[in-house]
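Inspection log for the structure reproduced underneath, given as structure tokens.
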Amino acid sequence: MKENICNIPIHDIFGETCGCPICRIEKMLEDIYVEYTTGPAMMAPDVRIITNKKGFCKKHFDLMAEKGPRLSNALILQTHLDEINRNLLPQNGRKTPTKAQQKGIGELMSSCYICDRIEHDTVHFLSTVFAEFCEDENFRKSYESQEFLCLSHYSLVMKCVKNDSRLKKAYKKEFITATNNLCKKYLESLVDDVTKFSKMYDYKNRGKDFGTSKDSIERSIDFLCGK
């Protein structure tokens, strides 16, 4: 398939084989949106309206504070905190928040502008993955050669497979088989490695080589939770 601005990042990401490729897509998007939010978007009124309302999760607040200009962070926080004060806390002498305000606080605690953008754009990138798989033999080989899909992204890919028309019927079975293999084979290898790791603490195995089981705990966590 001819390269364009949409599929070039996909080819770059799937050119690597270490870890979960969808995690790499999300990391790329996260870097873009952290920079964008504390940069150009800071002066965009339409974006600020959304960030004032949604706010950010702890992880992305921390990344923004770490990587973005301090003035940008201060201005974003100023209008976001003002939004909370005006709309989610008691007003006019009232001592307790209304039910609507309590609900709003609860929704805010699980809301994040950057998380939402990443989730939305990841689904769109998966559409490009489906199209490339159908139209580019080299990309099919790259997809099948990935180290693994973490459990969360395996679930997301399989969910998107059902509704995305860019995965043509002629390639759907092949794609599903490849996706199953990326998850199941790695999971089976983790079971073996974690089992071996546990057995290495038996006195009978004292002094033996841990081999690939040495980092099986960390790799299992990455598989279960993403990275």
Side-chain angles (χ1 to χ4, degrees), residues 1 3-36 57 59-60 62-63 66-67 112 114-115 117-161 164 166-167 171 174-200 209-227:
M1 188 183 208
E3 288 191 336
N4 57 51
I5 196 169
C6 295
N7 64 27
I8 287 174
I10 291 297
H11 281 270
D12 289 343
I13 286 167
F14 281 83
E16 303 175 29
T17 57
C18 181
C20 170
I22 315 303
C23 286
R24 295 198 294 275
I25 289 174
E26 289 193 344
K27 179 61 170 63
M28 176 191 71
L29 291 170
E30 182 176 72
D31 290 343
I32 289 170
Y33 280 119
V34 167
E35 181 179 355
Y36 171 71
C57 66
K59 176 187 178 184
H60 290 133
D62 286 345
L63 283 174
E66 176 188 343
K67 298 184 177 183
C112 174
I114 292 178
C115 284
R117 292 300 301 263
I118 291 171
E119 181 179 353
H120 176 270
D121 287 2
T122 298
V123 172
H124 281 273
F125 268 101
L126 284 178
S127 278
T128 304
V129 170
F130 297 154
E132 293 297 298
F133 189 91
C134 295
E135 299 182 31
D136 189 328
E137 183 180 357
N138 289 329
F139 183 81
R140 284 196 292 277
K141 293 178 180 177
S142 295
Y143 185 87
E144 293 166 354
S145 299
Q146 293 302 303
E147 184 179 12
F148 68 93
L149 282 180
C150 71
L151 195 59
S152 172
H153 289 134
Y154 169 77
S155 176
L156 176 63
V157 170
M158 291 310 233
K159 179 181 178 181
C160 291
V161 160
D164 200 307
R166 297 188 73 181
L167 182 59
Y171 292 94
E174 183 180 352
F175 181 86
I176 290 173
T177 298
T179 303
N180 282 331
N181 286 340
L182 287 177
C183 187
K184 188 169 179 58
K185 288 184 178 180
Y186 191 74
L187 173 57
E188 290 172 347
S189 73
L190 287 176
V191 171
D192 291 341
D193 279 348
V194 172
T195 301
K196 179 179 178 180
F197 184 91
S198 300
K199 288 181 177 179
M200 289 299 292
D209 184 9
F210 276 80
T212 58
S213 74
K214 189 173 183 179
D215 63 347
S216 59
I217 294 174
E218 291 78 11
R219 289 189 291 111
S220 296
I221 293 170
D222 287 344
F223 171 77
L224 292 169
C225 304
K227 186 173 183 180

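Below, each value reflects all heavy atoms present in this structure, side chains not excepted, and no hydrogens, waters or symmetry copies.
Put simply, the side chain of Glu144 reaches to within 4.5 Å of the side chain of Glu174, judged on heavy atoms. Between Ile32 and Met28 the shortest side-chain heavy-atom distance falls below 4.5 Å. Under the 4.5 Å side-chain criterion, counting only non-hydrogen atoms from C-beta, Asn180 is in contact with Met158. No side-chain heavy atom of Leu187 sits under 4.5 Å from any side-chain heavy atom of Phe148. Under the 4.5 Å side-chain criterion, counting only non-hydrogen atoms from C-beta, Thr179 is in contact with Tyr143. Contact check for Val123 versus Asp164: no side-chain heavy atoms found under the 4.5 Å cut-off. No side-chain heavy atom of Arg166 sits less than 4.5 Å from a side-chain heavy atom of Phe133. Annotation: side chain of Phe125 is in contact with side chain of Ile10 (closest heavy-atom distance under 4.5 Å).
Looking at Gln146, its side chain does come within 3.5 Å of a backbone N or O of Phe14 through a donor-acceptor pair. Side chain of Glu147 to main chain of Leu182: no donor-acceptor pair is present (N/O by atom type, distance under 3.5 Å, no hydrogens or angles). No donor-acceptor distance shorter than 3.5 angstrom exists from the side chain of Arg219 to the backbone of Asp193, with no hydrogens or angles considered. A distance-only check finds a donor-acceptor pair linking the side chain of Arg24 to the backbone of Cys18 [under 3.5 Å]. Checking side-chain atoms of Ser155 against main-chain N and O of Leu151 turns up no donor-acceptor pair under 3.5 Å.
In terms of heavy-atom proximity, Ile118 sits nearest to Leu29 at O-CD1, 3.9 Å. The minimum heavy-atom distance between Asp222 and Cys150, with the atom names listed, is O-CB, 3.8 Å.
Considering only residues two or more places apart in sequence or on other chains, Ser189 meets the side-chain contact (heavy atoms from CB on, under 4.5 Å) condition with Tyr186. For the salt bridge (Lys or Arg N to Asp or Glu O under 4.0 Å) test, no residue two or more places apart in sequence or in another chain qualifies with Lys185. Cys112 meets the side-chain contact (heavy atoms from CB on, under 4.5 Å) test with Phe56, Cys57, His60, Ile114, Cys115; sequence neighbours excluded.
Between Tyr36 and Tyr33, the ring planes lie perpendicular to each other; the angle is over 60°, past the 30° to 60° tilted range.
Note that OG1 of Thr122 is 6.5 Å distant from CD1 of Ile25, once rounded to the nearest 0.5 Å. In this structure, Thr212 OG1 and Asp192 CG are separated by 8.5 Å, a value rounded to the nearest 0.5 Å. Note that the CE atom of Met200 and the CG atom of Asp209 stand 6.5 Å from one another [nearest 0.5 Å]. Atom CD of Glu132 is separated from atom OG of Ser142 by 10.0 Å, given to the nearest 0.5 angstrom. Rounded to the nearest 0.5 angstrom, Phe175 CZ and Arg140 CZ are separated by 12.0 Å. In this structure, CZ on Phe197 lies 9.5 Å from CG on Asp215, to the nearest 0.5 angstrom.
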> Which is it for Lys227 and Cys20 under the side chain to side chain contact (heavy atoms under 4.5 Å, CB included) test, yes or no, and what are the steps along the way?
Replying inline: CA-CA 8 Å; Lys227 186 173 183 180; Cys20 170; over 6 Å; no
>> Applying side chain to side chain contact (heavy atoms under 4.5 Å, CB included) to Val129 and Phe139, what does each step give before you reach the verdict?
In response: CA-CA 9 Å; Val129 170; Phe139 183 81; 4.0 Å; yes
>> Please determine whether side chain to side chain contact (heavy atoms under 4.5 Å, CB included) holds for the pair Asp136 and His11, giving the CA-CA distance in whole Å, both sets of side-chain angles, and the decisive distance to 0.1 Å.
In response: CA-CA 11 Å; Asp136 189 328; His11 281 270; 3.4 Å; yes
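Atom CD of Glu35 has 12 or fewer heavy atoms from other residues, nucleotides or ligands within 6.0 Å. A 6.0 Å sphere centred on CD of Glu119 holds no more than 12 heavy atoms belonging to other residues, nucleotides or ligands.
In this structure, Lys184 pairs ionically with Glu188, as a charged nitrogen and a carboxylate oxygen lie closer than 4.0 Å. A salt bridge links Lys27 with Asp31; the closest basic N to acidic carboxylate O contact falls under 4.0 Å.
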